[in-house]
Amino acid sequence: TFPAGIGLSETFQRLVRRYPDQVYNRLAPDEIMQWYLPYLFGEIVAPAMLDDLVPLAQTWKPDVIVHDTFDFAAPVAAAMNGMPSVSHTLGIRFEGELLDLIAAAVAPLWRQHGLAPDPTAGLYRHLCLDIMPAALQAEEPARYPDVIRGLRPVGPPPIGEERLPTWMTSRRQVPLVYMTLGTETNTDVTMFRSVLDGLEDLDVD
């Protein structure tokens with residue numbers, strides 16, 4: 001493993017310096033992704049990460065660079081070194097206006113290194129491995145369907161006498177909902193309460 005880019009604290013310090021009016025603290029829920037992806041991940045995180053990725057790619061010379069879809073530096077580093085890049089989704093794919101906003105935000109980074117900006121911010125240069133079930137994707141059709149490959153999660157084989165807990169095998173015959181808040185907000189009980197309250201009218205476990 002190799003370090004690349006800047007930490008969370010430095011990222012937000014740079015964000016405050018770049019946008020002192022702190023518009024990001026006044027966003028409506030449906031504006032959050034549209035703002036943070038181009039302006040935080042595109043304008044601040046990507047250039048800092050690229051500074052570390054370029055020499056790493058030049059010296060280590062991988063055959064392919066695989067990156068998540070919030071990393072907009074990796075496709076530039078790959079293109080600079082004539083390598084293919086493969087994006088891996090973390091949730092819904094970025095499409096439509098959001099994809100255009102991201103591509104515009106990172107276009108200067110491509111030009112800075114003598115490259116024609118990629119209209120997809122590099123996310124669909126060669127291949128996109130998509131972990132999101134089709135039924136949960138945004139309704140907007142994929143702009144580059146030929147490079148998208150869906151991945152189906154497969155559980156590991158059981159170990160020894162490992163068995164599912166009894167509540168799983170004896171529960172009601174209704175849909176089972178799995179909910180997670182990821183790694184940043186999973187200690188906020190009020191957020192869990194909000195989700196549970198929102199689901200209480202559904203006949204689900």
Side-chain angles (χ1 to χ4, degrees), residues 5-16 19 21-46 66-72 87-102 105 120-121 123-124 128-143 145 148-159 162-205:
I6 53 179
L8 196 61
S9 176
E10 176 62 21
T11 297
F12 279 92
Q13 289 176 26
R14 294 187 186 189
L15 183 69
V16 171
Y19 295 99
D21 64 343
Q22 299 190 19
V23 61
Y24 45 84
N25 286 327
R26 301 188 300 276
L27 300 172
D30 61 353
E31 297 174 327
I32 292 174
M33 291 284 278
Q34 300 264 3
W35 198 93
Y36 272 95
L37 278 163
Y39 300 118
L40 180 72
F41 289 92
E43 291 183 355
I44 294 175
V45 174
V66 182
H67 62 97
D68 69 56
T69 49
F70 284 75
D71 176 6
F72 308 122
S87 65
H88 187 304
T89 64
L90 297 176
I92 61 169
R93 290 191 310 270
F94 305 144
E95 296 284 357
E97 180 185 1
L98 178 56
L99 185 61
D100 292 338
L101 288 171
I102 298 168
T120 73
L123 298 183
Y124 303 122
C128 172
L129 303 178
D130 188 9
I131 65 171
M132 178 68 78
L136 298 180
Q137 280 291 359
E139 294 181 1
E140 193 161 7
R143 197 183 296 180
I148 297 170
R149 299 289 181 273
L151 296 185
R152 180 175 62 87
V154 177
I159 301 173
E162 187 178 48
R163 298 287 182 272
L164 288 172
T166 54
W167 68 264
M168 277 290 294
T169 56
S170 61
R171 71 180 189 85
R172 301 185 306 143
Q173 294 302 305
V174 295
L176 179 65
V177 175
Y178 170 71
M179 187 275 289
T180 175
L181 296 177
T183 57
E184 295 297 326
T185 56
N186 63 5
T187 58
D188 187 346
V189 176
T190 60
M191 292 190 70
F192 281 98
R193 184 73 264 165
S194 296
V195 173
L196 294 174
D197 288 346
L199 295 172
E200 68 178 354
D201 292 334
L202 300 179
D203 187 21
V204 299
D205 285 350

Contacts of type side-chain hydrogen bond (donor to acceptor under 3.5 Å, both in side chains), residue Gln22, not counting sequence neighbours: Asn25
side-chain hydrogen bond (donor to acceptor under 3.5 Å, both in side chains) partners of Asp201, counting only residues at least two apart: none
Contacts of type salt bridge (charged side-chain N to carboxylate O under 4.0 Å, His left out), residue Asp188, not counting sequence neighbours: none
Any side-chain heavy-atom pair of His67 and Phe72 under 4.5 Å: no
Taking every non-hydrogen atom, the tightest pair across Ala121 and Ile102: CB-CG2, 3.7 Å
Whether over 12 other heavy atoms sit under 6.0 Å from Glu162 CD: yes
Any residue meeting side-chain hydrogen bond (donor to acceptor under 3.5 Å, both in side chains) with Asp21, in chain and number order, not counting sequence neighbours: none
Set of salt bridge (charged side-chain N to carboxylate O under 4.0 Å, His left out) partners for Arg149, sequence neighbours left out: none
Contacts of Glu10 that satisfy side chain to side chain contact (heavy atoms under 4.5 Å, CB included) - sequence neighbours left out: Ile6, Gln13, Arg14, Arg17
Separation between CZ of Phe41 and OG1 of Thr11, rounded to the nearest 0.5 Å: 8.5 Å
Euclidean distance, Leu151 CG relative to Ile131 CD1, rounded to 0.5 Å: 8.0 Å
Contacts of type side chain to side chain contact (heavy atoms under 4.5 Å, CB included), residue Val174, not counting sequence neighbours: Arg171, Arg172, Asp203, Asp205
From CG (Leu101) to CD (Glu97), nearest 0.5 Å: 5.0 Å
Exercise: identify the closest heavy-atom pair between Leu99 and Thr120: CD1-O, 3.6 Å
Ile159 CD1 to Arg163 CZ distance, which is reported to the nearest 0.5 Å: 12.0 Å
Side chain to side chain, Val16 and Tyr24, heavy atoms closer than 4.5 Å: yes
Partners meeting side chain to side chain contact (heavy atoms under 4.5 Å, CB included) with Gln173 (sequence neighbours left out): none
Heavy-atom closest contact (Thr89 atom, Cys128 atom, distance): CG2-SG, 3.8 Å
Arg93: side-chain hydrogen bond (donor to acceptor under 3.5 Å, both in side chains) partners, not counting sequence neighbours: Glu95, Asp130
Interatomic distance, Leu90 atom CG to Asp68 atom CG [nearest 0.5 angstrom]: 4.5 Å
Residue pair Phe94 / Leu98: nearest heavy atoms and the distance that separates them: CD2-CD2, 3.9 Å
Heavy-atom closest contact (Leu199 atom, Val177 atom, distance): CD1-CG1, 4.2 Å
Under 3.5 Å, which donor-acceptor pairs link side chains of residues 28-39 to any protein atom two or more places apart or in another chain?
unit_1	atom_1	unit_2	atom_2	d
Glu31	OE1	Ala28	N	2.8

Residues that Leu136 engages under side chain to side chain contact (heavy atoms under 4.5 Å, CB included), provided they are two or more places apart: Met132, Pro133
Interatomic spacing from CZ in Phe12 to CD1 in Ile44 - rounded to 0.5 Å: 9.0 Å
